[in-house]
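Residue indices begin at 1 and follow the sequence shown. Quick caveat, the model's predicted, so the values are computed rather than measured.
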Amino acid sequence: MLESRWLKAVGVAAAITLATATAAQAAPAPEPVAEGASAVVTLRYDDSRAGGWEAQIAAGVASWNSTVDNVRLVEAAPGTRAEIQIVATSGWPQATLGPVRPGGQVRVELGSQAVAQGHDKTRIAAHEIGHSLGLPDTKPGPCSQLMSGSSAGTSCKNAVPNAAEQSRVESAYAGGLAPRVPADGRVLVDAP
């Protein structure tokens with residue numbers, strides 16, 4: 001009799017465990033959001049016209065995504081609208097100064113002239129994306145500043161925003177809302 005009750009209790013516990021596990025798989029509970037935490041703004045990019053730059057764009061995007069907490073850059077699905085249009089050109093790199101709003105649009109041109117001069121393609125991609133997120137050039141500047149661009153010299157390979165650059169982007173997108181200030185709209189050409 002005691003064994004029968006024990007088996008029944010084990011069966012009920014197993015059923016509860018199975019039901020809980022099934023429910024957890026079907027509809028995962030939302031992760032708790034810390035008080036005062038910022039919502040993440042998702043911005044899509046389209047690099048379908050940036051042939052030869054795909055790996056460097058992916059690395060530049062990964063650099064921003066791993067550094068900035070409240071902005072997430074994702075590749076746009078084919079045929080969908082993207083806030084950041086990335087194209088390869090034969091000129092100098094240039095970009096529309098943001099911060100781009102979700103639903104808005106800016107353009108990034110990854111120019112081969114800078115590559116011909118010896119500048120690092122990943123740094124160029126990350127730097128130009130930084131303009132889309134609202135960061136102007138900080139020329140002249142050291143290699144440790146991503147937004148110093150070409151003024152850091154051709155030996156500079158840094159493609160990671162520093163703490164001040166991270167903070168400026170996070171501030172521009174604070175609160176999970178579209179930036180209160182629309183994109184500047186100026187085109188910044190990164191020629192020496």
Item checked: Criterion side chain to side chain donor-acceptor pair (under 3.5 Å) on Glu170 and Gln166, from CA distance to verdict -> CA-CA 6 Å; Glu170 288 178 344; Gln166 171 193 1; 3.3 Å; yes

Check: At their closest point, which heavy atom of Pro93 faces which heavy atom of Glu128, and how far apart are they?
Finding: CB-OE2, 3.3 Å

Notebook entry, point to check: Backbone N or O of Ala114 within a donor-acceptor pair of the Lys121 side chain at under 3.5 Å?
Noted result: no

Notebook entry, point to check: Quick one: does Val160's side chain get under 4.5 Å of Asn162's, heavy atoms only?
Noted result: no

Notebook entry, point to check: Taking only residues two or more places apart in sequence, or in another chain, which ones meet Glu109 in a salt bridge (Lys or Arg N to Asp or Glu O under 4.0 Å)?
Noted result: Arg107

Item checked: Contact summary for Arg123 and Ala152, nearest pair of heavy atoms -> NH2-CB, 3.6 Å

Next item on the list: Take Asp47 and Glu75 through the test side chain to side chain contact (heavy atoms under 4.5 Å, CB included) and record every step on the way to the result.
Entry: CA-CA 8 Å; Asp47 65 354; Glu75 190 168 3; 3.2 Å; yes

Notebook entry, point to check: Side chains of Thr89 and Val87: closer than 4.5 Å at any heavy-atom pair?
Noted result: yes

Note to self: Just so I know, are the side chains of Lys139 and Ser150 near enough to count as touching, which here means a heavy-atom distance under 4.5 Å?
What the structure shows: yes

Check: Are Tyr173 and Leu133 close enough that some pair of their side-chain heavy atoms sits under 4.5 Å apart?
Finding: yes

Next item on the list: Kindly give the heavy-atom pair with the smallest separation between Pro136 and Arg168, and that separation in Å.
Entry: CD-NH2, 3.7 Å

Next item on the list: Name all residues meeting the side chain to side chain donor-acceptor pair (under 3.5 Å) criterion together with Ser151; count only those two or more places apart in sequence or in a different chain, and write none if there are none.
Entry: none

Next item on the list: Over all heavy atoms of both residues, which pair between His127 and Leu146 is shortest? Give the atoms and the distance, please.
Entry: ND1-O, 2.9 Å

Check: How far apart are the C-alpha atoms of Thr122 and Ile124, what are their side-chain angles, what is the distance that settles it, and do they pass the side chain to side chain contact (heavy atoms under 4.5 Å, CB included) test?
Finding: CA-CA 5 Å; Thr122 301; Ile124 293 168; over 6 Å; no

Check: What is the distance from atom OG of Ser112 to atom NE2 of His119, rounded to the nearest 0.5 Å?
Finding: 12.5 Å

Margin query: Applying side chain to side chain contact (heavy atoms under 4.5 Å, CB included) to Val169 and Leu135, what does each step give before you reach the verdict?
Written below: CA-CA 7 Å; Val169 170; Leu135 298 178; 3.8 Å; yes

Next item on the list: Could you note down all residue pairs passing salt bridge (charged side-chain N to carboxylate O under 4.0 Å, His left out) where residues 83-95 supplies at least one of them, sequence neighbours left out?
Entry: Arg44-Glu83

Note to self: Can you tell me how far apart CZ (Arg49) and CG (Leu110) are? Round to the nearest 0.5 Å.
What the structure shows: 11.5 Å

Next item on the list: Quickly, which of Val100, Val61, Thr96 forms a side-chain contact (heavy atoms from CB on, under 4.5 Å) with Ile84? Name it, please.
Entry: Val100

Item checked: Contact check, side chains of His131 and Met147, non-hydrogen atoms, under 4.5 Å -> yes

Check: Do any pairs count as a salt bridge (charged side-chain N to carboxylate O under 4.0 Å, His left out) and have a residue in residues 57-66, sequence neighbours left out, and if so which ones?
Finding: none

Check: What pairs meet the side chain to side chain donor-acceptor pair (under 3.5 Å) rule with one or both residues in residues 51-66, with sequence neighbours excluded?
Finding: Asn65-Arg72

Item checked: Ile86 side chain reached by Asp46 side chain, heavy atoms, under 4.5 Å -> no

Note to self: I'd like to know if the side chain of Thr138 reaches the main chain of Ser148, judged simply by a donor and an acceptor atom lying under 3.5 Å from each other, with no hydrogens or angles considered.
What the structure shows: yes

Next item on the list: Answer yes or no: is there a side-chain heavy-atom contact under 4.5 Å between Ile129 and Leu73?
Entry: yes

Next item on the list: Taking all heavy atoms of Ser132 and all of Val108, pick out the closest pair and write down the distance.
Entry: OG-CG2, 3.3 Å

Check: Any disulfide (SG to SG under 2.5 Å) pairs touching residues 51-148, not counting sequence neighbours?
Finding: Cys143-Cys156

Notebook entry, point to check: Is the shortest heavy-atom distance from the side chain of Pro102 to the side chain of Val41 under 4.5 Å?
Noted result: yes

